[in-house]
Number of protein chains: 2
Amino acid sequence: MAARKAPTTTRRKAAPARARGGAKGRASASVPDLFQVLRGRIASQAIAPGAKLRETELAAEFGVPRTRIRDALAALEQRGLVVREPNRGAVVTRLDLSQVFHIYDLREALEGLAARLATERMPPEHWQKDVALFKGPMKDLIAQGDLDTYIEQYELLRLRIIEAAANPVLAEMLDIIYEKTQVLIRRIIILPGRAEIGRGQHLATLEAMRRGDAAEAERLRREGLRTAKATLEKYQRYVL
Amino acid sequence: MAARKAPTTTRRKAAPARARGGAKGRASASVPDLFQVLRGRIASQAIAPGAKLRETELAAEFGVPRTRIRDALAALEQRGLVVREPNRGAVVTRLDLSQVFHIYDLREALEGLAARLATERMPPEHWQKDVALFKGPMKDLIAQGDLDTYIEQYELLRLRIIEAAANPVLAEMLDIIYEKTQVLIRRIIILPGRAEIGRGQHLATLEAMRRGDAAEAERLRREGLRTAKATLEKYQRYVL
DNA sequence: GTCAACAAAAGTGTCGGCACAAGTGTTGAC
DNA sequence: GTCAACACTTGTGCCGACACTTTTGTTGAC
């Protein structure tokens, strides 16, 4: 996924001094907007790890004052997406080997908890269609090699589970490591046979959820993450 | 604990309105400094939940420009310690009932993981003196009603476990909910018999760690948090 | 030809000020 | 005496400008 350096000309009006009058409510991007955009670029690797983020450059691209970019960068730094050295600027953090495994340990604990809570708080039949999805269509997607759609669907399931868990603090923490997991999932899933193994584990977890067996759902989810981590350790020199 | 890193040699011109009286005329505090100070005040309840944090007021107290206070408040908001309503200012978030229980679910998953990792990465004898501490002296402290010292010692153990777990991402997440747990621990421990029960559970966990039984250590730690949560639910109308 | 010292440029750190919204006190009518 | 409208005060949102630091490019000596 080569990253075409944004030609996005964004020819905002030359004079940013005006605007803000009664006209449009949002002529320029707000700090949260900028945060989301930059976060997305980093998660999708549109901005490569190690790349420098120049404040002036970004300010020109988005047509906003530099201080606003600065605030967005501060938020990014808080999230650990970039590191800023004094007077040196902000660079996108590259995840090293050790951090990758640390994140998998975290996912095991957090997503296991999410599976348990979701099972406890939802009626078992709520997961019926998800079981069906993973039993049939998802298998076909893998067989056809359409991993992008598969990942997309899986992400939807993941979000539904988090929502069902109804724990904002948990959701926030999973959100913090979201970018990292995005990258890792795509690297692991291309390993030989891994996608199908993962699907089987998701299916088993979902069936436990449909039975209303929260403890078993948690155990299975954790087991799934653990094998994913093991796969990653085994093939680490190929994928990292 | 202030961990001031930056030399802050920036020669400042004629101080505008000179340094305020609140602090001495020493070099002005950096944004991380301000963050830590305000965080400490909130954690120790020196600033009550629901209190308004006025930017100009804080700027005057610390003798720093208001923008710097502003940055610190933004960091506090990111951490969820304050909420800022547009043009209304920042107020300290008061933790409501539901969030309290959510945090205990989180602690169960995270601290359980920490116990497991710590056990795996350290030689069993590393925990020898902690076992001894919880077997004797800590029991005496509780008997004497010196809960402050007990909590202090427990915090030290907690930090050692996190350090031994050697997972920065996990440490970061436990740090995020640190303030909240600080408050909650002090509210739970005063409940009848609770301190002694907690000590017994910590002791059991530590003995598993000394045996090198990581899985059992995780299970026991989680069980401990679960009973703490149950106690909280039982007495919630007294302590919240 | 190489290296070091110097100068220019680029980029970030910091700050003060202005604009606008919400809160508060006052005044007048009824 | 009560209430509503208005002006004032307080405090935050936002932004441009300047100071400082680092990097890059150039020139001169050895």
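Note on naming: letters A, B, ... go to the chains in the order of the sequence lines (proteins, then strands), and numbering restarts at 1 for each one. This is a predicted model, so every value here is computed, not measured.
Separating the CD atom of Glu85(B) from the C1' atom of dT12(D) is a distance of 13 Å, rounded to the nearest angstrom. What separates CD of Glu55(B) from P of dG11(D) is a distance of 11 Å, to the nearest Å. Residue Arg68(B) contributes atom CZ, which lies 21 Å from atom P of dC14(D) at whole-angstrom precision. One interatomic measurement links the two molecules: NZ of Lys52(B) to P of dT10(D), which rounds to 13 Å at whole-angstrom precision. The CD atom of Glu57(B) sits 13 Å away from the P atom of dT10(D) (whole-angstrom rounding). What separates CG of Leu53(B) from C1' of dG11(D) is a distance of 13 Å, to the nearest Å. The interatomic distance linking Leu58(A) (CG) with dA10(C) (C1') rounds to 15 Å, in whole Å. For the pair Arg54(A) CZ and dA10(C) P, the computed distance is 12 Å after rounding to whole Å.
A salt bridge links Arg41(B) to Glu61(B): at least one charged side-chain nitrogen sits closer than 4.0 Å to a carboxylate oxygen.
Checking dA22(C) for Watson-Crick or G-U wobble geometry (two distances, each under 3.5 Å) identifies dT9(D) as its partner. Pairing for dC30(D) goes to dG1(C), judged as Watson-Crick or G-U wobble with the two contacts each under 3.5 Å.
A sub-4.0 Å separation between OP1 or OP2 of dG13(D) and a side-chain N or O of Arg70(B) is present. Here Arg84(B) reaches the OP1 or OP2 of dG13(D): one of its side-chain N or O atoms lies under 4.0 Å away. Side-chain N/O atoms of Thr56(B) include one lying less than 4.0 angstrom from OP1 or OP2 on dT12(D). Distances shown here put every side-chain N or O of Arg88(B) at or beyond 4.0 Å from the OP1 or OP2 atom of dG11(D).
Side-chain atoms of His102(B) come within 3.5 Å of backbone atoms of Ser98(B) as a donor-acceptor pair (strictly under, hydrogens ignored). No donor-acceptor pair closer than 3.5 Å links the side chain of Arg187(A) to the backbone N or O of Gln182(A).
The number of heavy atoms from other shown groups lying within 6.0 Å of CD (Glu163(A)) does not exceed 12.
Considering Arg107(B), Gln99(B), Arg79(B) as possible partners of Ile177(B), the one that fulfils the side chain to side chain contact (heavy atoms under 4.5 Å, CB included) test is Arg107(B).
Each of Arg66(A) and Pro86(A) lies near DNA chain D, and the nucleotide nearest Arg66(A) is the one positioned closer to the 5' end.
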